[in-house]
Amino acid sequence: MTRPLHILGLESSCDDTAAAILRGPGDSAEILSSVVRGQADLHAAYGGVVPEIAARAHAERLDFAVERALEEAGLGLDQIDAIAVTAGPGLIGGVLSGVMTAKGLAMGLAKPLVGVNHLAGHALTPRLTDGAAFPYLLLLVSGGHCQLLRVDGAETFVRLGGTIDDAPGEAFDKVARLLGLPQPGGPAVEAAASQGDPTRFALPRPLLDRPGCDMSFSGLKTAVLRVRDGLASEQGGLTEADRADLCASFQAAVADVLAAKTATALVGQEGLTALAVAGGVAANRTLRARLESVAAEAGLPLLAPPMALCTDNAAMIAYAGLLAYEAGRRDDMSLAARPRWPLDRTAAPLVGFGKKGAKA
Ligand code: KG4
Ligand code: ZN
């Protein structure tokens, strides 16, 4: 019997430094370890990710992440058969840190190197966690991403739509800031919304009157600002109830837009096996409930990977790398870090991008 294949994955495209080890083969892959070290503390004072700080932290921490991943998996470096690394899209300094570390390991160990698209990692996660069969539709929603992707194969994706400005998590974070709630804004806005009336303020549903699956969230945030300022000038400030109602109204608008555009994306798609959702915003219960209905109406199951694998991690990179490796793909020392790298080369270029870089 041949020894199972062990693949090391590295992720450093945004503000999480991550390393993970998977045991193959791809059709029954097992996560042996997944180490993620966030950088929220380093960027908190700046109101967003500072690329130079992120890159330096990745460069300092990647080695330790690899060491921990090996320890947790109970393996030595000599038992690693291949190295997968996020080669884009993302913040260039961070991606470079990962690619250089991976090249050093691949060269030192004389093992194959596979460059992975970060979005492919997210897109393939429902297959890793739930065995989703191709093709399935993925709604990827986080602070940096907003895409509707049809996942046709391990390296075949069709982008059906996405945001033209802010990512939804970014909108949650900005609304939290406008209303004096803590960061990350999503959980804080959701908690406040649970006490509020989602029908009190009629906020816009941007682009819902247009065909297609593109979305927009920046006008919604401006609408929240106007309501806040209106209430402040009428009554001198916001009560707790006002704030809860405004959070609930905003959350309902985001969920309406995401649910409606996901339903539009499902129209006319043949042979889909599932609707999947991933990214930090997938934690939102109102959104999940809406997506459950959209999936049920289309006769599909809704797949939502566990949160630790929904948000940025290296297990998804190791998995995408494993599938590419099994398909015979190899990179060499010329592997380049790509700040922009659309998954679907036929899709029109994006107009806007999220606070965490050009990934939305
Ligand atoms: O995937 P993630 O951890 O990181 C990246 O953006 O890369 O997503 C974080 C985003 C933040 O904007 C956060 O506010 C949002 O996900 N988020 C939520 C919730 N939990 C996290 N948004 C809405 N509702 C939530 N419960
Ligand atoms: Zn991501």
Side-chain angles (χ1 to χ4, degrees), residues 9-18 36-40 43-44 47-49 51 54 86-91 94-95 98 116-125 138-147 149 162-163 166-179 181-194 198 217-218 220-221 247-248 250-255 257-259 277-291 304-317 319-320 339 341 343 353-360:
L10 301 180
E11 157 62 33
S12 56
S13 64
C14 188
D15 59 349
D16 290 299
T17 311
V36 181
R37 174 134 185 229
Q39 302 178 355
H43 305 285
V49 177
T86 299
L91 299 172
V95 179
V116 170
N117 184 309
H118 176 88
L119 296 167
H122 280 301
L124 295 169
T125 301
L138 175 79
L139 172 67
L140 175 57
V141 274
S142 72
H145 315 299
C146 179
Q147 305 212 345
L149 285 169
T163 185
D166 293 352
E170 188 176 9
F172 269 96
D173 295 342
K174 286 180 180 169
V175 164
R177 231 168 266 135
L178 290 177
L179 299 179
L181 292 167
Q183 297 294 312
V189 169
E190 181 172 18
S194 68
F217 296 99
S218 95
L220 195 46
K221 162 203 72 197
C247 284
F250 163 77
Q251 180 176 265
V254 173
V257 170
L258 289 170
V277 60
V281 181
N284 188 279
R285 276 161 301 195
T286 300
L287 174 62
R288 278 207 191 197
R290 297 296 305 278
L291 293 175
M307 274 326 284
L309 294 173
C310 260
T311 54
D312 285 353
N313 67 88
M316 68 180 190
I317 301 304
Y319 182 62
W341 183 3
L343 261 188
F353 44 83
K355 71 176 168 64
K356 292 183 171 179
K359 305 201 295 187

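Values in this document were obtained by computation on a predicted structure and should not be read as measured data. We count ligands from 1, going down the list as the structure has it; atoms in each ligand are counted the same way.
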Any idea which part of Asp173 is under 4.0 Å from ligand 1, heavy-atom wise: side chain, backbone, both or neither?
-> side chain

Identity of the N, O or S atom of Asp312 lying closest to the Zn ion (ligand 2) | OD1

State, to 0.1 Å, how close Leu291 and Ala259 come at their nearest heavy-atom pair, and which atoms those are.
-> CD2-CA, 4.3 Å

Nearest heavy-atom neighbours spanning Val141 and Cys146 | CG1-SG, 4.4 Å

Ligand 1 to Gly143 polar contact by distance, N or O atoms, under 3.5 Å = yes

Could you give the distance from CG (Leu220) to CZ (Phe250), rounded to the nearest 0.5 Å?
-> 5.5 Å

Kindly give the heavy-atom pair with the smallest separation between Leu119 and Pro89, and that separation in Å.
-> CD1-CG, 4.0 Å

Answer yes or no: is there a donor N or O on one side and an acceptor on the other, between the side chain of Asp16 and the main chain of Cys14, under 3.5 Å?
-> no

For the side chain of Asn313 and the backbone of Val36, is there at least one donor-acceptor N/O pair under 3.5 Å apart?
-> no

Is there a nitrogen or oxygen of Phe172 sitting under 3.5 Å from a nitrogen or oxygen of ligand 1?
-> no

Who gets closest to atom 19 (C) of ligand 1 by heavy atom: Pro187, Ala171, Ala40?
-> Pro187

Going by heavy atoms, is Cys14 under 4.0 Å from ligand 1?
-> no

Could you point out which residue of Leu181, Val254, Asn284 forms a side chain to side chain contact (heavy atoms under 4.5 Å, CB included) with Val189?
-> Leu181

Going by the atom numbers of ligand 1, which of them fall below 4.0 Å from some non-hydrogen atom of Asp312?
-> 7 (O)

Can you tell me if an N/O/S atom from Cys14 lies under 2.8 Å from the Zn ion (ligand 2)?
-> no

Out of Gln251, Glu190, Lys221, Gln183, which residue meets the side chain to side chain contact (heavy atoms under 4.5 Å, CB included) rule with Phe172?
-> Gln251

Taking both backbone and side-chain atoms of Pro184, is any N or O found less than 3.5 Å from an N or O belonging to ligand 1?
-> no

Check: His145 N/O within less than 3.5 Å of ligand 1 N/O | no

To atom 18 (C) of ligand 1, the nearest of Ala308, Ala193, Gly186 on a heavy-atom basis is Gly186

Please report the closest heavy-atom contact between Cys310 and Ala278, naming both atoms and the distance.
-> SG-CA, 3.7 Å

Polar proximity ligand 1 side, Thr311 side, N/O cut 3.5 Å exclusive | no

Run the numbers for me: atoms of ligand 1, each under 4.0 Å from some heavy atom of Gly144, listed by number.
-> 6 (O)

